[in-house]
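Computed over heavy atoms, backbone and side chain alike; hydrogens, waters and symmetry mates excluded.
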Amino acid sequence: MNNEIDKNQQQEEMSSSTLFVFKGSQEDFYRMMSLFEAGELSDLLGIEVLDVGAIVESQLVAQPKVINLSQWFQNNFVEAIQEAWLTLEEVFGKSIRNPAFRSQAVKRAKSIQLGDRTVALILDIATAENQEISTILGVYPIGSQTYLPENLKLDVYESEETLVELQAPLQSEGMIQELFFLPGEAFRIEVSLGDFKQIENFLLFPTR
């Protein structure tokens, strides 16, 4: 009974705690674990340390800031550039393998590193009927690569609802998908390959 109470108390403490991530060698981890087990780590850091654990770097997923796509329609790309969203020419060079994107739309691309493979994520947005925003998503190989990595995944979510689940087949030259959003809606794109994942968050602020 006491063990059950202790577990519940620990779960409550962990749920209201802050997670700190430190990067270092395996030797650094063992040193920190030794200090924690000796009860010295909390005193050393000046905060109460409830637990210490190790994760590999590939498990860390960066959470980028939310990109306001409404700014793209106003030719304001300051925020986009800060998050490495560049022109297609800057990402692909002079040659773009698949010209499936609209000439009159607003387009940006981002180079994404997934392990030892690099792909380009493209957003092509344009106004549509009924205040909707037509959004074409594309993932293409970049550099000297001809095909996407097999089993590369492209997933799109709105809140926790899955809108798109695509997976690259063998010798795929690219994946493309069109979606429609309304002003005020937000969505999340996840591009993943094995244990590696890149997340991009977007919001369409209503224009005044």
Side-chain angles (χ1 to χ4, degrees), residues 21 23-26 55-69 71-73 75-126 133-158 162-181 186-204:
V21 179
K23 186 176 181 179
S25 65
Q26 190 174 43
I55 56 176
V56 296
E57 191 169 3
S58 62
Q59 293 176 301
L60 295 176
V61 179
Q63 290 286 348
K65 68 184 297 183
V66 178
I67 298 294
N68 176 12
L69 290 178
Q71 293 180 348
W72 294 18
F73 287 115
N75 290 321
N76 180 354
F77 299 106
V78 174
E79 184 182 63
I81 293 171
Q82 290 174 347
E83 294 298 311
W85 283 95
L86 309 175
T87 66
L88 271 63
E89 291 75 15
E90 288 173 318
V91 173
F92 286 92
K94 294 182 179 180
S95 175
I96 300 177
R97 289 191 179 88
N98 194 323
F101 296 91
R102 299 167 289 195
S103 60
Q104 300 302 316
V106 181
K107 297 176 287 293
R108 286 272 149 169
K110 182 170 185 174
S111 176
I112 294 176
Q113 187 76 33
L114 299 168
D116 60 352
R117 301 297 298 272
T118 306
V119 298
L121 175 62
I122 302 176
L123 250 67
D124 170 307
I125 58 175
I133 306 299
S134 168
T135 305
I136 295 180
L137 312 175
V139 182
Y140 290 89
I142 197 172
S144 61
Q145 302 173 71
T146 303
Y147 304 111
L148 289 174
E150 187 179 0
N151 297 324
L152 177 81
K153 294 181 180 180
L154 171 65
D155 299 312
V156 184
Y157 303 90
E158 184 177 3
T162 303
L163 301 181
V164 172
E165 287 183 314
L166 297 179
Q167 182 168 311
L170 182 65
Q171 295 187 338
S172 171
E173 295 183 353
M175 295 190 294
I176 192 168
Q177 177 72 48
E178 182 176 18
L179 295 168
F180 291 89
F181 297 99
F187 63 97
R188 182 176 82 253
I189 299 174
E190 295 186 4
V191 183
S192 59
L193 180 64
D195 293 332
F196 301 95
K197 179 186 295 184
Q198 178 79 23
I199 297 175
E200 300 291 331
N201 298 303
F202 300 94
L203 175 63
L204 285 158

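- Scanning all heavy atoms of the two residues, the minimum distance from E200 to L121 falls at CG-CD2, 4.1 Å.
- Here the side chains of L203 and N201 are not in contact, with every heavy-atom distance at 4.5 Å or above.
- One N or O on the side chain of K110 and one on the backbone of E83 form a donor-acceptor pair closer than 3.5 Å.
- To the nearest 0.5 angstrom, T87 atom OG1 is 6.0 Å from R108 atom CZ.
- Using a distance-only test at 3.5 Å, with no hydrogens or angles considered, no donor-acceptor pair links the side chain of Q71 to the main chain of E79.
- For the ring pair (Phe, Tyr, Trp, His ring centres under 6.0 Å) with F202, the lone residue among F187, Y157, F181 that qualifies is F187.
- Taken from CZ in F77 to CD1 in I67, the straight-line distance is 11.5 Å, to the nearest 0.5 Å.
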(request) Evaluate the criterion side chain to side chain contact (heavy atoms under 4.5 Å, CB included) for residue pair L170 and Y147; output intermediate values, then yes/no. (result) CA-CA 8 Å; L170 182 65; Y147 304 111; over 6 Å; no
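- With hydrogens and angles ignored, the 3.5 Å screen pairs a side-chain donor or acceptor of K107 with a backbone N or O of R102.
- Taken to the nearest 0.5 Å, the CG atom of L193 stands 12.5 Å off from the CD atom of Q198.
- For the side-chain contact (heavy atoms from CB on, under 4.5 Å) test with V156, the passing option among L163, T162, T135 is L163; the others fail.
- Counting all heavy atoms, side chain and backbone alike, M175 lies closest to A168 at SD-N, 3.5 Å.
- Across all their heavy atoms, A105 and I125 have their closest contact at CB-O, 3.4 Å.
- Taking all atoms of both residues into account, the shortest heavy-atom contact from A109 to F92 is CB-CE1, 4.3 Å.
- Atom OG of S192 is separated from atom CG of N151 by 10.0 Å, given to the nearest 0.5 angstrom.
- The main-chain N or O of L152 is never found under 3.5 Å from a side-chain atom of E150 such that the two would form a donor-acceptor pair.
- Annotation for T118 and Q145: closest pair O-NE2, 2.9 Å, computed over non-hydrogen atoms.
- The distance from the CD1 atom of I176 to the CG atom of L154 is 10.5 Å, given to the nearest 0.5 Å.
- Closest heavy-atom contact between P141 and E173: CD-O, 3.2 Å.
- Distance check: L137 CG to E178 CD gives 9.5 Å after rounding to the nearest 0.5 Å.
- I142 is not listed as a side-chain neighbour of V119, based on a closest heavy-atom distance of 4.5 Å or more.
- The side-chain contact (heavy atoms from CB on, under 4.5 Å) test with L69 singles out one residue from I133, V106, L123, and that residue is L123.
- Under the 4.0 Å criterion applied to side-chain N and carboxylate O atoms, K197 and E190 are assigned as salt-bridge partners.
- Under the 3.5 Å distance criterion, the side-chain polar atoms of D124 are left unmatched by any main-chain donor or acceptor of A126.
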